[in-house]
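Numbering of residues begins at 1 and proceeds along the displayed sequence. These numbers come from a predicted model, not from an experiment. Start at 1 and go down the list; that is how both ligands and their atoms are numbered.
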Amino acid sequence: MKLCKWHTLVFRCPSCGHDAEYAAEIIEGPRKGSMWDPAYWCEKCETTLRARDKWLFGAAFGPLMALVGTFAMQAVPPGLHLAQWLAFAFAALCCGVVGWPLSRLLSRHLLYWEPLDPAGLRRAESRRLREDDD
Ligand SMILES: [Zn+2]
């Protein structure tokens with residue numbers, strides 16, 4: 001199995017409570033998800049997970065990035081006569097600088113990780129109930 005570590009996402013395993021500074025997407029192997037619904041892996045309890053409400057994340061992240069890009073393009077002083085590609089590079093840089101922490105923040109609050117197999121789902125459910133009791 002091959003994993004790709006997305007450091008732009010923060011991860012919290014619903015089954016074991018494991019926190020990671022990245023989300024490990026399965027890009028090769030029998031449990032790999034589809035392009036639109038990729039599977040992720042918890043390295044601690046070895047559970048396959050998927051990200052629920054990812055569209056919500058995209059719906060918030062996409063427009064915000066477009067906004068940052070637009071602002072960055074307009075922030076280039078007209079007197080500077082920057083080449084078009086340089087202005088685009090500047091906008092991309094701004095998106096990267098803003099997008100990195102923004103993506104982590106959004107993934108922390110908007111993404112919900114959920115085990116793929118029913119047994120894991122039940123385990124995560126009972127864990128959540130236990131946590132509510134505390
Ligand atoms: Zn786990």
Side-chain angles (χ1 to χ4, degrees):
M1 194 166 63
K2 224 159 118 183
L3 298 174
C4 176
K5 291 175 181 175
W6 295 99
H7 285 267
T8 51
L9 300 171
V10 273
F11 171 80
R12 184 159 197 266
C13 178
S15 307
C16 67
H18 172 61
D19 279 305
E21 283 299 295
Y22 56 83
E25 185 184 332
I26 304 169
I27 51 166
E28 228 179 270
R31 297 196 228 195
K32 159 172 136 22
S34 69
M35 199 172 120
W36 302 112
D37 193 17
Y40 297 86
W41 183 247
C42 174
E43 287 166 305
K44 198 173 169 212
C45 66
E46 312 204 321
T47 307
T48 316
L49 304 130
R50 64 185 286 271
R52 215 169 77 181
D53 298 335
K54 206 169 185 183
W55 62 270
L56 204 65
F57 171 79
F61 189 66
L64 276 171
M65 275 300 95
L67 210 67
V68 171
T70 311
F71 273 132
M73 294 289 275
Q74 280 168 0
V76 177
L80 216 58
H81 292 297
L82 274 189
Q84 188 77 6
W85 71 267
L86 215 59
F88 274 116
F90 176 68
L93 187 75
C94 287
C95 282
V97 168
V98 180
W100 180 281
L102 185 71
S103 167
R104 293 181 65 89
L105 186 80
L106 288 178
S107 67
R108 195 186 293 272
H109 295 290
L110 292 182
L111 280 191
Y112 177 73
W113 307 94
E114 141 184 290
L116 269 182
D117 63 306
L121 208 58
R122 269 200 302 280
R123 222 164 33 237
E125 281 294 329
S126 63
R127 194 191 141 79
R128 198 152 50 232
L129 290 177
R130 271 206 313 280
E131 275 185 352
D132 286 346
D133 285 342
D134 288 344

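Geometry note: the Zn ion (ligand 1) is the vertex, C42 SG and C13 SG are the arms, and the angle is 110° (rounded to 10 degrees). Here the Zn ion (ligand 1) is the vertex; the SG atom in C16 and the SG atom in C45 give an angle of 110° (to 10°).
The aromatic rings of Y40 and W113 sit perpendicular, their planes meeting at an angle over 60°, well past the 30° parallel limit.
By the side-chain hydrogen bond (donor to acceptor under 3.5 Å, both in side chains) test, E25 pairs with W6, sequence neighbours left out.
Note: the hydrophobic cluster containing L86 does not contain F88 (ILVMFWY, side chain heavy atoms under 4.5 Å, direct or indirect links).
Here H18 fails the criterion, with no N, O or S atom under 2.8 Å of the Zn ion (ligand 1).
Ion pairing between a basic and an acidic side chain is recognised when a charged N comes within 4.0 Å of a carboxylate O; R127 and E131 show such pairing.
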